[in-house]
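Here's the structure, in structure tokens; my notes come after.
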Amino acid sequence: MQHASANKVQNVTDDKKNVREFGLIDKLAYMAGDLANDLFFIFSSSFLMLFYTKVLGISGAVVGTLFLSARVVDAFTDMGMGRLVDTLKPSKDGRFRVWIKRVAPFAVIAGFLMFLSVVQNWSMTAKIVYIFVTYLFWGSICYTAINIPYGSMASVISEKPEDRASLSVFRSMGASIASIFISFFVPLFVYKTDATGAQVVIPERFTIIAAIFAVLAFALYQFCYHFTIERVQIPQKAESEKQSFGKEMAVLVKGLSTNRALGGIIAAAIFLLLSMLLVNTMNAYLYADYFKSSKTLAVAGILGTVGTLMLAPFANKIASRFGKKESATVALFFSAIVYAILYFIHTDNVMLFLPMAFLASLGMNYFNIVIWAFITDIIDYQEVKTGNADSGTVYAVYSFSRKLGQALAGGLGGFALTAIGYASAAATQDQAVLDKIYDVATIVPAIGYTGVALCLWFIYPLTKEKVAENVAILSERRKAAK
């Protein structure tokens with residue numbers, strides 16, 4: 001293999017090894033990685049708050065404090081992992097995919113440990129220690145160590161924009177499949193109806209589900225590891241090109257801080273996750289307590305996933321024709337308007353609420369389908385501006401912003417439940433509390449999705465024309481570097 005400078009990117013096919021061409025197996029393997037991640041990410045986003053409050057009897061304010069505290073830890077672990085994958089010498093398995101093999105066993109064990117029902121019999125102090133230790137071990141350490149290399153890997157599986165866009169679509173499909181399992185089967189399995197007609201959770205079944213997800217996730221991680229190929233290599237810097245750690249960090253921080261595209265997508269991600277995950281969290285209370293039907297919670301989850309699968313075949317075509325920024329902005333405004341209508345009509349008819357909530361999910365789901373293609377565009381933008389791709393670091397910064405949105409959603413969800421008077425572990429709630437649950441579940445996404453759309457329109461600079469310009473610039477640089 002030829003040696004190259006730090007700014008060159010060369011294709012693995014230049015090697016004497018016979019590397020297969022990018023194809024369906026790469027897409028399926030990459031999809032499997034996100035499916036593995038999301039078995040616990042979506043499960044925890046949708047039901048961990050429920051497990052903590054209804055099974056362990058911990059107040060929403062304490063849980064909210066946990067989620068927010070974890071993000072302080074993530075500020076260090078995310079960036080640390082991003083720099084590790086960008087600066088360490090690649091192994092024979094590649095720069096990114098090797099971490100999937102290394103971390104997978106710890107990630108699935110950590111996910112399982114978060115849902116131990118036996119903890120309900122412990123003292124409150126022990127319960128709080130338990131949730132802090134297990135949640136930080138999973139989210140701030142294991143999930144970070146596997147998700148950042150996985151997400152960064154899309155930029156080296158292929159250098160072609162159309163291939164990267166297809167990886168984004170398949171990754172979103174993986175998340176949709178995970179959502180089907182979690183949104184439909186989990187409510188049916190963990191709830192039972194008591195003699196008064198109230199929906200009551202069965203604590204032990206959270207643990208059973210976590211065990212099943214651990215086994216499935218481990219198998220999916222292995223499939224992702226064995227059937228993806230890093231075709232594009234980013235060589236190590238020559239000794240003469242290396243700078244001190246302080247100088248390298250100063251250059252990196254300057255490059256990232258002036259990356260307007262990264263700033264725009266971070267702001268959008270915080271609003272997106274704040275809205276999307278708060279909806280997921282509140283839906284567990286909205287359908288089971290307000291509408292008094294856990295079965296409709298399962299239906300709502302399926303409808304959201306159906307919307308994603310319906311949009312997936314057309315997402316690339318829409319993005320290619322109108323631009324990712326332009327089409328996503330319109331889609332998110334649409335979602336915000338529908339949620340605003342739901343807030344003002346304040347219906348108690350679940351058969352009216354369900355189809356309108358489905359319509360509201362379409363715009364958000366479209367953005368989620370193409371979001372990972374936004375990230376590869378941002379990595380290209382970073383390379384155009386600085387000469388360095390910094391794939392792992394860029395993805396780490398974005399990953400942290402997503403976790404921050406997740407924490408704010410969980411934190412605000414917990415604080416909101418406490419503020420509106422929700423009684424943890426109680427079988428029934430006052431009607432005033434139920435009405436406030438409805439209000440939070442509709443007005444927050446209406447405001448949040450509006451915020452995402454405004455961030456994309458006014459801050460994010462990568463229009464359809466600008467993306468094409470960056471691709472052309474990098475193509476010329478790589479041709480000149482050969």
Checklist entry - Just by distance, do the side chain of Ser152 and the backbone of Ile148 share a donor-acceptor pair under 3.5 Å? => result yes
Checklist entry - Can you name the ring pair (Phe, Tyr, Trp, His ring centres under 6.0 Å) partners of Trp372, sequence neighbours left out? => result Tyr398
Checklist entry - Looking at residues at least two apart in the chain, or sitting in another chain, which of them share a side chain to side chain contact (heavy atoms under 4.5 Å, CB included) with Phe189? => result Arg205, Ile208, Ile209
Checklist entry - Sequence neighbours excluded, which residues qualify as salt bridge (charged side-chain N to carboxylate O under 4.0 Å, His left out) partners of Lys325? => result none
Next on the checklist: Which label fits Phe67 and Tyr52: parallel for a plane angle under 30°, tilted from 30 to 60°, or perpendicular past 60°?
Outcome noted: tilted
Item to check | Parallel, tilted or perpendicular: ring planes of Tyr143 versus Trp138, cut at 30 and 60 degrees | outcome: tilted
Next on the checklist: Going by the rule ring pair (Phe, Tyr, Trp, His ring centres under 6.0 Å), which residues pair with Phe185 if we only count those two or more places apart in sequence or in a different chain?
Outcome noted: none
Item to check | Residue list, side chain to side chain contact (heavy atoms under 4.5 Å, CB included) with Thr228, at least two apart or on another chain | outcome: Ala29, Arg97, Met153, Ile157, Cys224
Checklist outcome for this item: Scanning both residues in full, the closest heavy-atom pair of Ile318 with Ser327 reads CG2-CB, 3.8 Å
Checklist entry - Roughly how far apart are Thr296 OG1 and Phe291 CZ, rounded to 0.5 Å? => result 7.5 Å
Checklist entry - Side chains of Thr393 and Arg83: is there a donor and an acceptor less than 3.5 Å apart? => result yes
Checklist outcome for this item: The ring pair (Phe, Tyr, Trp, His ring centres under 6.0 Å) partners of Phe47 (sequence neighbours excluded) come to none
Checklist entry - Can you tell if the side chain of Leu50 reaches within under 4.5 Å of the side chain of Phe206, non-hydrogen atoms only? => result yes
Checklist entry - Are the side chain of Asp26 and the backbone of Gly23 linked by a donor-acceptor contact shorter than 3.5 Å? => result yes
Next on the checklist: Once ring pair (Phe, Tyr, Trp, His ring centres under 6.0 Å) is applied, what residue pairs with a partner in residues 293-318 remain, sequence neighbours excluded?
Outcome noted: none
Next on the checklist: Show every salt bridge (Lys or Arg N to Asp or Glu O under 4.0 Å) that has at least one partner inside residues 464-474, sequence neighbours left out.
Outcome noted: Lys466-Glu469
Considering only distance and modelled atom types, tabulate donor-acceptor pairs under 3.5 Å from the side chains of residues 442-462, sequence neighbours left out.
| unit_1 | atom_1 | unit_2 | atom_2 | d |
| --- | --- | --- | --- | --- |
| Thr442 | OG1 | Tyr438 | O | 3.0 |
| Thr442 | OG1 | Asp439 | O | 3.2 |
| Thr450 | OG1 | Ala446 | O | 2.8 |

Checklist entry - Does a side-chain heavy-atom distance below 4.5 Å link Ile58 with Ile131? => result yes
Item to check | Check: Phe115 and Val55 side chains under 4.5 Å, non-hydrogen atoms | outcome: no
Next on the checklist: Tell me every residue that passes side chain to side chain contact (heavy atoms under 4.5 Å, CB included) with Met356, counting only those two or more places apart in sequence or in another chain.
Outcome noted: Val338, Ile341, Leu342, Ile345, Leu352
Checklist entry - Which residues pass the ring pair (Phe, Tyr, Trp, His ring centres under 6.0 Å) test with Phe170, sequence neighbours left out? => result none
Checklist entry - So, Thr144 and Asp78: side-chain donor and acceptor under 3.5 Å apart, yes or no? => result yes
Item to check | Ring centroid separation Tyr221 to Tyr150 under 6.0 Å | outcome: no
Checklist entry - With sequence neighbours left out, what residues match Leu311 under side chain to side chain contact (heavy atoms under 4.5 Å, CB included)? => result Leu362, Asn365, Tyr366, Ile369
